[in-house]
Peer 1: 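One structure coming up, written as structure tokens, with questions to follow.
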Amino acid sequence: MDQTHYLNARLADGMVADLTVADGRFSAIVPATNTVTPPSGAIDLAGQLVLPAFVEGHIHLDTSFYGDAWRPHIPCTNGFDVRERVAFQMRNLDQAAPMAERARNQLELCVGNGSLSMRSHVMVDAAVGLKHVETILGVREKYRDLIDIQLVAFPQSGILSSPGTAEVLDEALKLGCDLIGGLDPASFDRDVKGHLDVVFGLAEKHGAGVDIHLHDRGTLGLFEIEEIAARTKALGMQGNVVISHAYGLGDISADTLAGAAERIAAAGVAIMTNAPGDHPFPPVAALRKAGVTVFAGSDNIRDSWWPYGDGDMLNRANMIGYRSGFYEDWELEAAYDVVSHAGAKALGLEGYGIAVGARADFVTLKAEHVPEAVVAVPKERTVYRAGRDVARSGRISAKSD
């Protein structure tokens with residue numbers, strides 16, 4: 001059996017431990033022995049904090065311009081408008097570097113920062129067909145030894161308002177996408193029932209999960225959220241449905257939110273947020289208190305929606321904590337949970353964490369504990385995949401085949 005020993009690892013609970021990895025999983029975790037004669041080939045972590053690899057819960061590998069020429073942001077003509085942003089995106093993509101190249105740049109950015117599990121939404125509609133899906137499936141295959149990637153067939157141009165898209169979404173799931181997406185059933189397709197009929201119908205047909213973009217705000221957004229939750233519960237899909245963004249939860253009264261949170265939790269629907277700077281976002285603490293799984297993603301990185309994004313989920317935890325008013329240690333730990341264990345739960349990851357039997361996908365960094373890591377965001381870190389060093393201080397050290 002192939003074994004590697006990691007000595008003097010500082011765990012999230014404060015314990016300093018020696019870790020043993022065998023066949024890509026943790027086979028032993030014991031208090032540090034500080035033995036005079038360490039096992040052959042042992043790696044001394046010298047008290048660095050060891051955390052499970054971060055979870056990038058929502059990203060767009062096909063539309064980022066990271067590593068490509070800088071593209072100035074184009075503002076909408078009259079406030080935030082999804083249709084207009086999609087039009088800007090299509091115009092920019094026509095002039096962009098090859099998609100596979102841009103996707104690889106973004107993947108290596110994320111792996112270098114410590115994310116070894118990811119969910120990417122990939123554009124599917126009657127105009128682009130399966131081109132984006134086919135390209136990103138190829139990239140996923142090449143990087144399978146570095147990162148696990150779930151793909152969502154994402155109807156960026158709507159479903160009912162883009163004839164033929166439902167059929168292409170069906171083909172995308174047959175081709176290898178893991179989940180079916182959706183987009184603002186009310187404001188974009190203007191038919192909540194019809195839109196959700198297609199999304200959940202395809203989910204049932206393929207045994208796939210659901211992850212729906214929902215930007216609609218206020219009571220309209222809340223209505224859609226509750227419709228999605230009701231469908232989820234009626235179909236027995238608890239734990240397999242995500243609402244991404246859910247801006248509507250961020251601009252309703254506390255009493256209304258409390259009732260909605262109970263229904264979301266009862267339906268087993270998870271909420272994804274990236275805490276965007278100019279939009280209301282779901283109240284993380286209130287939702288978690290109600291039992292809702294709240295997790296995070298970078299969303300867009302240097303694309304047609306905004307110029308920001310660094311692919312660092314620890315920095316995302318910092319951002320979520322800052323925007324949520326998290327100050328106490330337990331709150332900072334909650335911000336970290338959103339980019340780690342909660343993300344793993346929402347994505348249904350097997351064997352996640354620092355525990356015997358778990359997959360040895362972890363990050364080491366210089367911090368005394370999780371709260372310090374969240375506020376300091378140390379960039380000097382090493383990323384391990386199945387116990388193998390794959391990245392250091394943001395740079396890939398083990399290339400994919």
Side-chain angles (χ1 to χ4, degrees), residues 53-68 85-86 89 92-93 96 99-124 132-133 135-140 142-144 146-156 172 176-183 209-215 242-246 270-277 281 294-317 319-320 338-340 342-344 346-349 383 391 394 396:
F54 309 125
V55 179
E56 171 55 84
H58 184 116
I59 204 166
H60 294 262
L61 286 175
D62 56 333
T63 56
S64 170
F65 303 122
Y66 181 78
D68 193 8
R85 293 249 60 89
V86 172
Q89 177 172 271
N92 283 333
L93 287 174
M99 186 186 304
E101 176 186 324
R102 293 183 285 106
R104 290 194 298 268
N105 290 339
Q106 198 173 9
L107 270 180
E108 294 192 9
L109 175 71
C110 294
V111 172
N113 282 311
S115 290
L116 298 181
S117 298
M118 170 184 289
R119 176 175 290 178
S120 175
H121 297 252
V122 183
M123 191 191 308
V124 173
H132 288 222
V133 169
T135 298
I136 301 303
L137 280 169
V139 173
R140 176 171 75 172
K142 288 185 177 180
Y143 280 79
R144 69 184 186 281
L146 279 182
I147 183 170
D148 297 314
I149 305 172
Q150 298 177 0
L151 298 181
V152 183
F154 173 44
Q156 178 71 87
C177 284
D178 306 284
L179 299 97
I180 177 70
L183 174 67
V210 170
D211 194 326
I212 298 178
H213 280 64
L214 189 57
H215 308 96
V242 167
I243 301 174
S244 288
H245 303 308
I271 300 294
M272 191 293 305
T273 186
N274 63 320
F281 69 102
V294 183
F295 69 110
S298 296
D299 193 15
N300 310 101
I301 294 180
R302 300 190 192 179
D303 69 354
S304 301
W305 295 72
W306 50 58
Y308 295 102
D310 62 1
D312 185 350
M313 292 307 294
L314 189 57
N315 192 40
R316 186 63 53 178
M319 190 182 306
I320 289 169
V338 168
V339 305
S340 56
L347 269 61
L349 302 184
V383 184
I396 299 292

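Position 1 is the first residue of the sequence, and the numbers go up from there. What you see is a predicted model; the values in this text were computed from it and never measured.
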Peer 1: Kindly indicate, with the supporting measurements, whether the criterion side chain to side chain contact (heavy atoms under 4.5 Å, CB included) is fulfilled by M313 and V55.
Peer 2: CA-CA 7 Å; M313 292 307 294; V55 179; over 6 Å; no

Peer 1: Within the structure provided, determine whether T63 and S304 are in side-chain contact (heavy-atom separation under 4.5 Å).
Peer 2: no

Peer 1: Give me the ring orientation class for H121 and H213: parallel if the planes are under 30° apart, tilted from 30 to 60°, perpendicular past 60°.
Peer 2: perpendicular

Peer 1: When rounded to the nearest 0.5 angstrom, what distance separates CG in D68 from CD in Q106?
Peer 2: 12.0 Å

Peer 1: Side chain to side chain contact (heavy atoms under 4.5 Å, CB included), that's the test. Do V152 and I180 meet it? Break it down for me.
Peer 2: CA-CA 5 Å; V152 183; I180 177 70; over 6 Å; no

Peer 1: Find out whether D62 and T135 are in side-chain contact, i.e. whether some heavy atom of one side chain is under 4.5 Å from a heavy atom of the other.
Peer 2: no

Peer 1: Going by the rule side chain to side chain donor-acceptor pair (under 3.5 Å), which residues pair with D303 if we only count those two or more places apart in sequence or in a different chain?
Peer 2: N300

Peer 1: Return the CG to CE distance between N274 and M319, rounded to the nearest 0.5 Å.
Peer 2: 8.0 Å

Peer 1: Do M272 and H245 have side chains that approach each other closer than 4.5 Å (heavy atoms only, starting at C-beta)?
Peer 2: yes

Peer 1: Under the side chain to side chain donor-acceptor pair (under 3.5 Å) test, which residues partner R316, sequence neighbours left out?
Peer 2: none

Peer 1: So, for S64 and I301, which heavy atoms are closest and what is the spacing to 0.1 Å?
Peer 2: OG-O, 2.8 Å

Peer 1: Got a second to check how far Y66's OH is from D310's CG, nearest 0.5 Å?
Peer 2: 9.0 Å

Peer 1: Can you name the one residue among D178, D211, D148 that meets side-chain hydrogen bond (donor to acceptor under 3.5 Å, both in side chains) with R119?
Peer 2: D211

Peer 1: Tell me the closest heavy-atom pair linking A172 and V124, and the distance in Å.
Peer 2: CB-CG2, 4.2 Å

Peer 1: Looking at every non-hydrogen atom in both residues, tell me the closest pair between A275 and T273 and how far apart they are.
Peer 2: N-OG1, 3.1 Å

Peer 1: Do the side chains of D299 and H58 get nearer than 4.5 Å, heavy atoms only?
Peer 2: yes

Peer 1: With sequence neighbours excluded, what pairs up with H132 under the ring pair (Phe, Tyr, Trp, His ring centres under 6.0 Å) test?
Peer 2: none

Peer 1: Is the side chain of Q150 donor-acceptor paired with the backbone N or O of L347 at a distance under 3.5 Å, no angle test?
Peer 2: yes

Peer 1: Over all heavy atoms of both residues, which pair between L61 and S120 is shortest? Give the atoms and the distance, please.
Peer 2: N-OG, 3.1 Å

Peer 1: Starting at OG of S298, measure out to CG of D312 and round the result to the nearest 0.5 Å.
Peer 2: 8.0 Å

Peer 1: Out of curiosity, L151 CG to L179 CG, how far, rounded to the nearest 0.5 Å?
Peer 2: 9.0 Å

Peer 1: Got a second to check how far I149's CD1 is from Y143's OH, nearest 0.5 Å?
Peer 2: 9.5 Å

Peer 1: So, for G57 and F295, which heavy atoms are closest and what is the spacing to 0.1 Å?
Peer 2: O-CE1, 3.6 Å

Peer 1: Mind listing the closest non-hydrogen atom pair of V339 and A296 along with its distance?
Peer 2: CG1-CB, 4.1 Å

Peer 1: Any non-hydrogen side-chain atom of N113 less than 4.5 Å from a side-chain atom of F54?
Peer 2: no

